Amino acid sequence: MCHFLSQNSQPAIRGDDITVKSYKVESRITSRFCHTTVKSSVVNSGPNAQSIGFNVQIPKQAFITNFTMNVNGITFVGSVKEKTVARNLYAQARARGKAAGLVRYRTDMETFKTEVHVPPGSKIEFELHYQEMMQRKLGFYEHSLYLQPGRLVPQFQVDVYIYEPNGIASVETPNTLGEHFSGMAKLTSSKDKAHVVFKPSLQQQRKCENCTTSAIDGIFTVRYDVLRDSNAGELHVSDGHFVHFFAPANLSPLPKNIVFVIDVSGSMWGVKMKQTVEAMQTILDDLTMDDYFSIVDFNHNVRCWSEELVPGSTIQVAEAKKYIQNIKPNGGTNINEALMRAVQMLVKASNQGMIDPRSVSMIMLVSDGDPTVGEIKLSAIQKNVKKVMREEFSLFSLGIGFDVDYDFLERIAMENRGVAQRIYTSHDASDQIRRFYSQVSSPLLRKITVQFPEDSVSDVTQNHFDKYFSGSELVVAGKVLPSESTTLNSFTTASADRLDLSLQTEADYLELDAALAQQQHAFTGFARQMWAYITVNQLLSERLSMAPTAGQKRKITQRILTLAVEHQFVTPLTALLVESEEAKERLLADSPNDPKQGSGMAALGGRTPVQMVHSIPPWVQMTTPAPPSHAERPLPDHITIVENDPHFIVHLPKSNMDICFNIDSEPGHILNLVSDPGAGVVVNGQLVGSKRVGVEEKEKEKVNTYFGTVSVFYQPDGISVSVSTDRIDLTHGRNNHSFTWGATADITQDRVKVSIVKDSKVMVTVDDKITVMVLLHRVWKKHPTHVDFLGLYIPNNNQYSSQAHGLIGQFGQEPEVRVFNLHEGADPLKKEATMEVKGNKLVVTRGWQKDYRRDQKRGSDVFCWFIHNSGKGFIDGHYTNYIVPRLDSFLPLPL
């Protein structure tokens, strides 16, 4: 007899007078997708026939994919079928009097439980398979295995293999099984692989030295995160499918407007209310002056701490905490009116202009029961909330305990761009509430869309997300269509705090499959299964909450059935038929729907109907992957350049002449290049020195200097763009957004546009009048002296004001230049001449410097007249007059 129970904590192997030979768990995580296998070998060593049970707790978001059993040489093999088909086959076996059973599967998790009745001496081998996608929360992925063998096991072993193609940033095994097993989990890891093994000996498993009971009883946890080289995300292509992971960091949080809606009915009395109050004390402390909030508490009546949203100041937070502390639960539950009042509060604040257009507005509902007062019909409440909620608002639901209709809380949250979570009424319930709030307390982006070139992909999962929260991850998957190209591109657009972003990344079609073939413990079918896993979960959610007609619901149901059978997932609509090889004996693993339990998977940020349109941003169709600003303001052939250590090439368009000079300064000095108080723009560059080989050389040799950082500061908007060889930072007041060179991106903030071309260049355009291009030069990392540096390219048609100055800015007002007395120089290849400029007569040498725009390795020659002594006589004053204290410093005038 096989069945499935939930919540009750039971040992993995049940039976009297049995011998458990082995219990082994193996998880293979590849690109965030996990396939877990649980195996156990058991012998009925007693004198009588008896029932032997096999229990496995699995995560609620996992799908069982197979269960096999070998009883005295007879093998039962599982296959997922449509529920009605499986039940009919199962019924036929029962009618013939054959051994049969039922595996009941509740969707909120918890215990897979199977039982077989066997004679003495029987040997049974159990094997369960399940799959799940690792969901990133608070900056890491957490893989949990529930271990409860219930007895000592001679061969007990857990193996977790992780393979992440882009590299593993961190991996740890927190000691969640207790001090008894401290340090017993062994971890080995490399750049992209990790292996965790937990293999306590029989003696180590004992609760005490002479105990016959096992100390293994709890959750074994592996926690990890991956390396991310850019904010554009990771694109993995394998087995005809793709998965795009998007988890940007180093962005300033968006301000938030939040209404806390708290159930204070009689059922919340005691521990539930105490723990909710404890959690709220910490949550309120997290609010900042940029956030707005209020509190609605409800029983049969609805009260508001403040009828309007108020800023999260110290005074307001203290008042709110005092209010929460004094709540005394009693009465019924009027959820409908409480939510209506919360939405009205956000609508009013929005209509009155209190809410920043780029802020994130949300409602956080905490409740432990079903409605008993006012509107009590759940579908009506769902409809009412949906009707009044604006597109930019989100609803997050927390259900405390098991008396609440969790399915309703999940539906109402997902329909309104939020997620739900059950809070278990244990000693750490307040921590559970705080952890959930932490997941949504730091919104970084809004209106995120991931798109792909037309005719390159199909069957794409949800690709438009309302919000992205710090520490989480958005995932989009789909099928790759046949193409002549060997590369798939993705384009992500989003809105940050005062910033509009467009990011691009790419992946080779064959590279990952070749790498997977070399991995011994990778899950090679991960991309195909992950696509199906996400699709089925989204369809299950859509079937519950978004299908407006019966016809559409039937279509969604059929699609779920087709996918679940094809990919072997046990879902609420399918069943696992377990039958012997001759199909004479059958067992059925069933998954009924339980309205008190939640199903499906929720992506933080909320769900909107899947958008299957893959239109391409206009700039994608260019021959080079250049963002729009490149196309709008192409740099002319002749241009002012600063390259290498540092060589200045100033182009004088009226004279059609290029003038060169070097600046021999010191590492750390900041040179002003353009200072234009009239336009409010300053461009400065900070020098870095070449590597020094030793102390003697340091004293003897002059150190070459290069630009390591170039900064563009736009004073009217208070925006600074700092480009270094490591990253690109946009700073505005307290807000800082950081981007790497690892992805092509287009960023707009007010009147400043920044376009990054991956590992190549950055174009900064200010007010559509002034453009600066910065070119990245990478050198061999182990080179004894050379360092990475930046080149600078500034067009002569920049629209400076008459106040512009700086080493380059002063030539916005072009001086008159006359070159005469051309003659042979000391170097026969370099002629010399006399130059008249700014009232000075200078000896100049004909030479050349490099322009690296078209060829970043070799460059092209630019012939110029070279001025000695750091440009003396050509630039105003001495070059030391252009050294400024900070990267945003204007040049003090006059020189």
Side-chain angles (χ1 to χ4, degrees), residues 59-61 134-144 169-170 172 174 176 219 221 223-226 228 246-262 272 274-293 295 312 317 320-321 324 359-367 394-400 409-410 413-414 417-446 448 465-475 496-497 601-606:
K60 63 182 177 182
Q61 69 269 22
M134 298 289 97
Q135 294 189 35
R136 190 168 183 257
K137 296 179 180 179
L138 301 176
F140 53 81
Y141 310 94
E142 192 167 276
H143 180 50
S144 298
S170 64
E172 58 177 347
T176 47
I219 299 173
T221 304
R223 190 179 291 160
Y224 78 99
D225 199 18
V226 302
R228 295 175 178 83
F246 185 65
N250 302 316
L251 299 169
S252 290
L254 295 160
K256 59 185 176 290
N257 318 294
I258 184 165
V259 181
F260 299 99
V261 180
I262 301 171
K272 289 180 186 175
K274 182 175 179 288
Q275 292 180 326
T276 301
V277 169
E278 280 176 15
M280 285 301 300
Q281 302 288 320
T282 309
I283 287 169
L284 290 168
D285 280 334
D286 176 72
L287 297 171
T288 71
M289 276 297 292
D290 292 331
D291 299 326
Y292 281 77
F293 80 105
I295 298 164
V317 165
K321 286 165 78 171
I324 292 275
S359 64
V360 167
S361 298
M362 60 180 90
I363 294 167
M364 187 167 159
L365 168 67
V366 181
S367 180
S394 291
L395 171 62
F396 297 95
S397 307
L398 290 173
I400 299 180
L409 290 184
E410 191 169 51
M414 287 195 298
R417 296 158 297 283
V419 292
Q421 183 161 313
R422 182 185 300 287
I423 302 299
Y424 297 91
T425 48
S426 58
H427 65 283
D428 71 339
S430 59
D431 284 336
Q432 294 175 54
I433 296 171
R434 281 193 290 263
R435 279 198 300 273
F436 178 81
Y437 173 76
S438 295
Q439 292 174 45
V440 300
S441 64
S442 189
L444 299 185
L445 295 172
R446 291 183 63 232
I448 306 101
F465 303 88
D466 189 62
K467 299 173 183 68
Y468 165 75
F469 295 93
S470 178
S472 67
E473 184 169 63
L474 303 179
V475 183
D497 184 27
M601 174 191 66
L604 279 180

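Just so you know, these numbers use all the heavy atoms, side chains as well, and skip hydrogens, waters and symmetry mates. Keep in mind the model is a prediction, meaning the values are calculated, not measured.
With rounding to the nearest 0.5 angstrom, the OG1 atom of Thr276 is 12.5 Å from the CZ atom of Phe260. Atoms CD1 and CE, from Ile324 and Met280 in turn, are 4.5 Å apart once rounded to the nearest 0.5 Å. Considering CD1 of Ile258 and CZ of Phe396, their distance stands at 8.0 Å, rounded to 0.5 Å. Note: Leu474 CG to Ser472 OG = 5.5 Å, rounded to the nearest 0.5 Å. A distance of 7.5 Å separates CD1 of Ile448 from CG of Asp466, quoted to the nearest 0.5 Å. One finds the CG atom of Asp291 at 11.0 Å from the CG atom of Leu284 (value rounded to the nearest 0.5 Å).
Residues Gln421 and Gln439 share a closest heavy-atom pair of OE1-NE2, 4.2 Å. In this structure, Lys272 and Thr425 approach most closely via the heavy-atom pair CE-CG2, 3.9 Å. A pairwise comparison of heavy atoms in Tyr424 and Ala429 identifies O-CB, 3.6 Å as the closest pair. In terms of heavy atoms, Ala247 sits closest to Arg136 at CB-NH1, 3.7 Å. Between Ile219 and Ser144, the shortest heavy-atom distance links the atoms CG2-CB, 3.7 Å. When all heavy atoms are compared, the tightest approach of Pro443 to Val360 is CB-CG2, 3.7 Å.
Inter-residue side-chain proximity for Val475 and Gln135 is flagged as unmet; no heavy-atom pair is nearer than 4.5 Å. Under the 4.5 Å side-chain criterion, counting only non-hydrogen atoms from C-beta, Leu254 is not in contact with Ser359. The shortest side-chain heavy-atom distance between Phe436 and Val366 does not fall under the 4.5 Å cut-off. Between Tyr141 and Asp225 the shortest side-chain heavy-atom distance falls below 4.5 Å. Between Ser394 and Ile363, the closest side-chain pair of non-hydrogen atoms is not below 4.5 Å. Counting heavy atoms from C-beta outward, Asp497 and Pro255 have side chains that approach closer than 4.5 Å. The shortest side-chain heavy-atom distance between Lys321 and Asp285 falls under the 4.5 Å cut-off. Under the 4.5 Å side-chain criterion, counting only non-hydrogen atoms from C-beta, Met364 is in contact with Ile283.
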- Task: Please step through side-chain contact (heavy atoms from CB on, under 4.5 Å) for the pair Phe140 and Glu172, ending with a clear verdict.
- Result: CA-CA 10 Å; Phe140 53 81; Glu172 58 177 347; 5.8 Å; no
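Applying side-chain contact (heavy atoms from CB on, under 4.5 Å) to Leu445 and the options Phe246, Phe465, Phe469 leaves one that passes, Phe246. When each of Gln281, Gln275, Lys274 is paired with Glu278, the side-chain hydrogen bond (donor to acceptor under 3.5 Å, both in side chains) condition holds for Lys274 and for no other.
In this structure, the side chain of Thr221 does not engage the main chain of Pro174 through any donor-acceptor pair within 3.5 Å. At least one donor-acceptor pair under 3.5 Å links the side chain of Tyr468 to the backbone N or O of Pro248. A donor-acceptor contact shorter than 3.5 Å links the side chain of Lys256 to the backbone of Ser441. Side-chain atoms of Arg228 come within 3.5 Å of backbone atoms of Val226 as a donor-acceptor pair (strictly under, hydrogens ignored).
Counting only N and O atoms by type, the side chains of Asp428 and Gln432 include a donor and acceptor under 3.5 Å apart.
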